[in-house]
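What follows is a short report on a single structure.
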There are 2 protein chains.
Amino acid sequence: MSKIRIGIIGYGNLGKGVELAIKQSCDTELACVFTRRDPKALKILTENVPVCSINDIEQYKGKIDVMILCGGSATDLPEQGPKYASIFNTIDSFDTHAKIPEYFAKVDAVAKSGKNVSIISVGWDPGMFSVNRLYGNCLLPDGKDYTFWGKGISQGHSDAIRRIEGVADAKQYTIPVESAVEAARSGENPELTTRQKHTRECFVVSKDGADKAKIESEIKNMPNYFADYDTTVHFISQEDLIRDHSGIPHGGFVLRSGKTGVNGETSHVIEYSLKLGSNPEFTSNVLVAYARAAYKLAQEGNFGAKTVFDIAPAYLSPKTGEELRATML
Amino acid sequence: MSKIRIGIIGYGNLGKGVELAIKQSCDTELACVFTRRDPKALKILTENVPVCSINDIEQYKGKIDVMILCGGSATDLPEQGPKYASIFNTIDSFDTHAKIPEYFAKVDAVAKSGKNVSIISVGWDPGMFSVNRLYGNCLLPDGKDYTFWGKGISQGHSDAIRRIEGVADAKQYTIPVESAVEAARSGENPELTTRQKHTRECFVVSKDGADKAKIESEIKNMPNYFADYDTTVHFISQEDLIRDHSGIPHGGFVLRSGKTGVNGETSHVIEYSLKLGSNPEFTSNVLVAYARAAYKLAQEGNFGAKTVFDIAPAYLSPKTGEELRATML
């Protein structure tokens, strides 16, 4: 049986993770990596697979079954998503929640006219966490949702600290407050404020002569990012930052707590949790599973933009329905 | 907007739970309860809804959108599933794992020729646990599955005890071993035996003059049910059994622990857990959510037997795709 031919656009942490995920998967193969850099300067792990300039991508129409877009949501995907959905089946991890409806509409129109399938916002949040919020809401309609993130590195918050004057480097951990997680787990449907749910811990390398007190105050009072949280700031050396904080772990919990019974007298709690050794490597595995789904949907002629909500679980598996019913139901 | 008209076959714990679940749900209404008993003798909670003899069920063709079969897997469903799939869209909770492929094939043939949708084996295991085993396997192909049940009442094990000579009544709790759950959560992919994963705790009411030592020994040595487990037996009075063990709580955990990275150096753990105040009430909520999916699939002409693996999450929700993307992704 021929394997699903996958292309990767962008070879950062996510692109590398997708390359590894393709290797782990029995029915996929890497066809090509596309880059904006000089292709000759890029060394990938997989042998005998070409690295091409993104400018030559159109030559690969018909030679790649699914293209996985590994760029960022701020500037790459808003341009690349609609552009490549006209040529290829695509998967992306677009995660700017507020702009998803607009992005979906754009990609949908292009994918339909190109007779392609594009599954957008794939990963763990948006992605698996979204799926679990949806299942939870459908199974316990009279209930309450809780999403906790961490302990893990937030790229956005780390970047925000790095933009402060006098900061050489920084990493920020988002940490769920254990007592808040326990309260949500209790089934009592507590109301929890932003401050009660998460704390933020920052490891900062300051430049020589920088005013540390001023940096700490700027971090703690930064609106949206830190002001609504209990934030701790540690100043450490660049060596310590590299030695102790180079991993990219993440994870979190989605809880749905709800009531049933004649008078809502029965409590139930559904909990989905992820403990991820590497955020980009797990996200990549999710992307490749959904690439398999995109391939199957395209074979069926079910074109257009989709999200994880639209994909039946069986589409993610290399096994047949018969095998799944016999072994996993 | 007209609501989805649901029929219930069988008014035991599950049938009653489905009646409550329909009330909780914004887009469903109870159309009729069908019973093998004398319909006049059955009092249901919902006002102005008829109770009919199961012998008159064919008269309801076209008046019920989805029929929820609330009988047992041993004798009711093997007969009722294929029979009613020819007349109605159906949902059932068939849970004899080994016979699912055969049951699926029978129901599929009948449902297709009757132009109906039948979603079989719906509930939490098989059901939501199956879905999570499948997602876990697809997202972490290089990994290991763990399913733990409990703490909860096992109906089958309680029944097995009640069949022993000298036993008047009994309830059996299946209890996951905390250290085994922790080992699975560690991401170390431990091998766990049956005995290491669960213990069984039995509350037994003996008949006057019965030989308690003999009963205890018969329980502990019963093949398949108890012999492979560490089992504790408590003899208590009928009053205490009723007072302390009348609830039907259940739940459990599905864990998938797996590796990624160049040499499998990164660990990840996915965990799905349920803490259910009432097993039949939660199962009923799952049945009604999938009834909504069956209704939508039938509207699309996507007939035949399905399982939870074949149902995209969005089909379970009363909300539109647009609403879901804007609020839950």
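Residue numbers start from 1 in every chain, and the chains themselves are labelled A, B, ... in the order their sequence lines are given, proteins ahead of strands. Values below: all heavy atoms of this structure, side chains included; hydrogens, waters and symmetry mates excluded.
B/Leu255 does not touch chain A: none of its heavy atoms, backbone or side chain, sits under 4.5 Å away. Of the two parts of B/Val308, the backbone and the side chain both hold a non-hydrogen atom closer than 4.5 Å to a non-hydrogen atom of chain A. Residue contact with chain A, scored on non-hydrogen atoms closer than 4.5 Å, involves the side chain of B/Val131 exclusively. Residue B/Leu274 touches chain A through both its backbone and its side chain, counting heavy-atom pairs closer than 4.5 Å. Proximity to chain A (any heavy atom under 4.5 Å) is shown, for B/Leu324, by both the backbone and the side chain. Both the backbone and the side chain of A/Ile270 come within contact range of chain B, with heavy atoms under 4.5 Å apart. Residue B/Val288: no heavy atom, backbone or side chain, is found under 4.5 Å from chain A. Only the side chain of B/Leu45 comes within contact range of chain A, with heavy atoms under 4.5 Å apart.
Taking A/Phe104 as the reference, nothing meets the ring-ring contact (aromatic ring centres under 6.0 Å, His included) condition, with sequence neighbours excluded.
Annotation: maximal heavy-atom pairing with chain A below 4.5 Å, among B/Ala289, B/Gly251, B/Pro249, B/Gly261, occurs at B/Gly261. Counting heavy-atom pairs closer than 4.5 Å to chain A, the top-ranked of the candidates B/Gly277, B/Pro313, B/Gly321 is B/Pro313. When each of A/Leu134, A/Ile100, A/Leu316 is checked for heavy-atom pairs under 4.5 Å with chain B, A/Leu134 comes out on top. For the set A/Val269, A/Leu140, A/Val262, A/Leu287, the entry with the most heavy-atom pairs within less than 4.5 Å of chain B is A/Val269.
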Which side chain or backbone donor-acceptor pairs connect chain B with chain A at less than 3.5 Å?
| from | atom 1 | to | atom 2 | distance (Å) |
| --- | --- | --- | --- | --- |
| B/Gln24 | NE2 | A/Lys259 | O | 2.5 |
| B/Ser130 | OG | A/Leu329 | O | 2.6 |
| B/Arg133 | NE | A/Met328 | O | 3.2 |
| B/Arg133 | NH2 | A/Leu329 | O | 3.2 |
| B/Leu139 | O | A/Asn285 | ND2 | 2.8 |
| B/Arg185 | O | A/Lys275 | NZ | 3.2 |
| B/Lys259 | O | A/Gln24 | NE2 | 2.6 |
| B/Thr260 | OG1 | A/Glu281 | OE1 | 2.6 |
| B/Gly261 | N | A/Glu281 | OE1 | 3.3 |
| B/Thr266 | OG1 | A/Glu281 | OE1 | 3.0 |
| B/Ser267 | O | A/Gly277 | N | 2.9 |
| B/His268 | ND1 | A/Gly277 | N | 3.3 |
| B/Val269 | N | A/Lys275 | O | 2.8 |
| B/Val269 | O | A/Lys275 | N | 2.8 |
| B/Glu271 | N | A/Ser273 | O | 2.9 |
| B/Glu271 | O | A/Ser273 | N | 2.7 |
| B/Ser273 | N | A/Glu271 | O | 2.7 |
| B/Ser273 | O | A/Glu271 | N | 2.9 |
| B/Lys275 | N | A/Val269 | O | 2.8 |
| B/Lys275 | O | A/Val269 | N | 2.8 |
| B/Lys275 | NZ | A/Arg185 | O | 3.2 |
| B/Gly277 | N | A/Ser267 | O | 2.9 |
| B/Gly277 | N | A/His268 | ND1 | 3.3 |
| B/Glu281 | OE1 | A/Thr260 | OG1 | 2.6 |
| B/Glu281 | OE1 | A/Gly261 | N | 3.3 |
| B/Glu281 | OE1 | A/Thr266 | OG1 | 3.0 |
| B/Asn285 | ND2 | A/Leu139 | O | 2.8 |
| B/Phe309 | O | A/Ala314 | N | 2.8 |
| B/Ala314 | N | A/Phe309 | O | 2.8 |
| B/Met328 | O | A/Arg133 | NE | 3.2 |
| B/Leu329 | O | A/Ser130 | OG | 2.6 |
| B/Leu329 | O | A/Arg133 | NH2 | 3.1 |

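Minimum interatomic distance between A/Leu329 and B/Pro126 (heavy atoms only, all atoms of both residues): O-CB, 3.3 Å.
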